[in-house]
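Read the structure below first, then the notes.
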Amino acid sequence: MGRTLLSKEEALRYSRNILLDGIGADGQMRLLGASVLIVGSGALGSVVAMYLAGSGIGRIGVADFDTVDISNLQRQLSFTMSDVGHPKAEALAGRIRMMNPDIEVVPHNGFIDRDNVAGLISGYDYIVEGSDNPDTKYMVTDICGSHRKPYVLGGVAQMRGQVMSCTPGSTTYREIFPEGAASGGYMPCSIGGVLGPLPGIIGSVMAAEIIKMVVGTGQPLYDRLFTIDASSMSTAVFSLK
């Protein structure tokens, strides 16, 4: 049987969570007992990871094949100049440990493909898909569906961003964005650019979704799509059913 009480240090560290009616001490214990895999440790994943670590998710996996580039620092604020050239997963894991040494963080440095994604996802309770690659989004969507894993998926491009949450039986990314349609419209930020603060907004929404899902509070974005256009600061939540 797992522990049922917070330590004095945990009660202090997470006091602002505990004060919330939708979380409380019981919800905080659920957060500490949960595990989340974050696929992509860049603009979105690095933001999600920091907020989940601060909120007390007990075990966080961060997965990425890439290294930190100086061009990342415009929006990936978990990294510094000293991280340039180092693996993103390792650098982000180190940053998380500095902020919250009491949780477990596991870096997964390398490509995620259909040969290894199922084994990786099976080791976590919840999945965050924050990559900038449509193929990875479809792959994670498919594997989460077959393994009945709840997940949150987000994306940014130029000045627009979106978030959706999925649980077994809810509308999936593949249903809303057919694979053939996505292939002609994908533009990486290295070509189209991205507003620096935008991933911070979208990543924060994604982190909030995971926290709600773990605790069982509020109304996650199941069968709904959150969008923002930062050029006009207009937001919308669309029903997907």
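Side-chain atoms of Ser170 and Asp223 include no donor-acceptor pair closer than 3.5 Å. Donor-acceptor pairing under 3.5 Å is recorded for the side chains of Ser35 and Asp125. At a cut-off of 3.5 Å, with distance as the only test, a side-chain donor of Ser131 or Glu129 sits close to an acceptor on the other residue. A donor-acceptor pair shorter than 3.5 Å can be found between the side chains of Asp69 and Ser71.
At least one side-chain heavy atom of Asn100 sits under 4.5 Å from a side-chain heavy atom of Arg13. Proximity of Ile103 to Ile57: side-chain heavy atoms (C-beta onward) are nowhere separated by under 4.5 Å. Residues Val36 and Ile38 are in side-chain contact: their nearest non-hydrogen atoms beyond the backbone lie under 4.5 Å apart. Within the 4.5 Å cutoff, side-chain heavy atoms of Leu31 are placed close to those of Ile211. Val47 is not listed as a side-chain neighbour of Arg75, based on a closest heavy-atom distance of 4.5 Å or more. In this structure, the side chains of Ile23 and Ile18 stay at 4.5 Å or more apart for every pair of heavy atoms. The side-chain heavy atoms of Leu44 and Met206, taken from C-beta on, include a pair separated by under 4.5 Å. Between Ile112 and Met139 there is a side-chain heavy-atom pair separated by less than 4.5 Å.
Of the possible polar contacts, one joining the Arg224 side chain to the Gln219 backbone as a donor-acceptor pair under 3.5 Å is found. One N or O on the side chain of Gln74 and one on the backbone of Val194 form a donor-acceptor pair closer than 3.5 Å. Here the side chain of Lys137 pairs no donor or acceptor atom with the backbone of Tyr173 at under 3.5 angstrom. Here the side chain of Tyr138 pairs a donor or acceptor atom with the backbone of Pro178 at under 3.5 angstrom. Judged by distance alone, the side chain of Asp64 and the main-chain N or O of Lys88 form no donor-acceptor pair under 3.5 Å. The backbone N or O of Thr172 sits less than 3.5 Å from a side-chain atom of Glu175, completing a donor-acceptor pair. Judged by distance alone, the side chain of Ser15 and the main-chain N or O of Leu12 form a donor-acceptor pair under 3.5 Å. At least one donor-acceptor pair closer than 3.5 Å links the side chain of Glu10 to the backbone N or O of Ser7. No donor-acceptor distance shorter than 3.5 angstrom exists from the side chain of Gln28 to the backbone of Val215, with no hydrogens or angles considered. Not a single donor-acceptor pair under 3.5 Å links the side chain of Asn17 to the backbone N or O of Tyr14.
Closest of all the heavy-atom pairs between Val214 and Ala34 is CG1-CB, 3.7 Å. When all heavy atoms are compared, the tightest approach of Gly54 to Met99 is N-CE, 3.3 Å. Taking both residues in full, the closest heavy atoms of Gly119 and Ser122 are given as O-OG, 2.8 Å, listed atom of the first, atom of the second, then distance. Taking each heavy atom of Ser46 and Ser78 in turn, the nearest pair found is O-OG, 3.5 Å. Here the shortest heavy-atom pairing between Pro150 and Met213 reads CB-CE, 3.6 Å. Between Leu198 and Ala230, the shortest heavy-atom distance links the atoms CD1-CB, 4.4 Å.
Remark: Phe226 CZ to Thr235 OG1 distance equals 5.5 Å, nearest 0.5 Å. For the atom pair CZ of Arg95 and CG of Leu77, the computed distance is 10.0 Å after rounding to the nearest 0.5 Å. With values rounded to the nearest 0.5 angstrom, Arg97 atom CZ is found 13.0 Å from Asp102 atom CG. The structure places CG of Leu221 at 12.5 Å from CZ of Phe238, a figure rounded to the nearest 0.5 Å. Within the model, atoms OG of Ser41 and CG of Leu92 stand 5.0 Å from one another, a figure rounded to the nearest 0.5 Å. The distance from atom CD1 of Ile176 to atom OG1 of Thr141, rounded to the nearest 0.5 Å, is 11.0 Å.
Stacking of Arg59 on the aromatic ring of Tyr124 is recorded, both the 6.0 Å distance cut-off and the 45° axial limit being met.
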Self-check item: Audit row: Val106, Glu104, side chain to side chain contact (heavy atoms under 4.5 Å, CB included) steps and yes/no
Solution: CA-CA 7 Å; Val106 183; Glu104 180 184 1; 3.7 Å; yes

Quiz item: Given the rule in the side chain to side chain contact (heavy atoms under 4.5 Å, CB included) test, do Cys144 and Ile121 qualify, once you have shown the distances and angles that lead to the verdict?
Solution: CA-CA 7 Å; Cys144 284; Ile121 283 176; 4.2 Å; yes

Quiz item: Should Thr217 and Asp21 be marked as a side chain to side chain contact (heavy atoms under 4.5 Å, CB included) after you check the CA-CA gap, both sets of side-chain angles, and the distance that decides it?
Solution: CA-CA 9 Å; Thr217 190; Asp21 289 340; over 6 Å; no

Quiz item: Does the side chain to side chain contact (heavy atoms under 4.5 Å, CB included) test come out yes or no for Ile210 and Val128, once each step is laid out?
Solution: CA-CA 8 Å; Ile210 286 289; Val128 171; 3.6 Å; yes

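Taking the six-membered ring for Trp and the full ring otherwise, Tyr151 and Tyr126 have centroids separated by 6.0 Å or more.
In this structure, Lys8 places its NZ atom where only 12 or fewer heavy-atom neighbours from other residues, nucleotides or ligands lie under 6.0 Å away. A 6.0 Å sphere centred on CD1 of Ile70 holds no more than 12 heavy atoms belonging to other residues, nucleotides or ligands. Applying the 6.0 Å contact sphere to OH of Tyr222 captures more than 12 heavy atoms from other residues, nucleotides or ligands. By the 6.0 Å contact criterion, CZ on Arg114 is enclosed, its count of non-hydrogen atoms from other residues, nucleotides or ligands being greater than 12.
Hydrophobic clustering (ILVMFWY, side-chain heavy atoms < 4.5 Å, transitive): Tyr51 and Ile127 are in distinct clusters. Residues Phe111 and Val62 do not share a hydrophobic cluster, defined by chaining ILVMFWY side chains whose heavy atoms lie under 4.5 Å apart. Under the 4.5 Å side-chain contact rule for hydrophobic residues, Met233 and Val237 share a cluster. Follow the hydrophobic side-chain contacts under 4.5 Å out from Val156 and you reach Leu73 in the same cluster. Both Val140 and Leu120 are part of a single hydrophobic cluster, where members link through side-chain heavy atoms under 4.5 Å apart.
When each of Leu37, Asp142, Ile143 is tested with Val117 by the rule side-chain contact (heavy atoms from CB on, under 4.5 Å), just one qualifies, namely Ile143.
In this structure, Lys212 pairs ionically with Glu209, as a charged nitrogen and a carboxylate oxygen lie closer than 4.0 Å.
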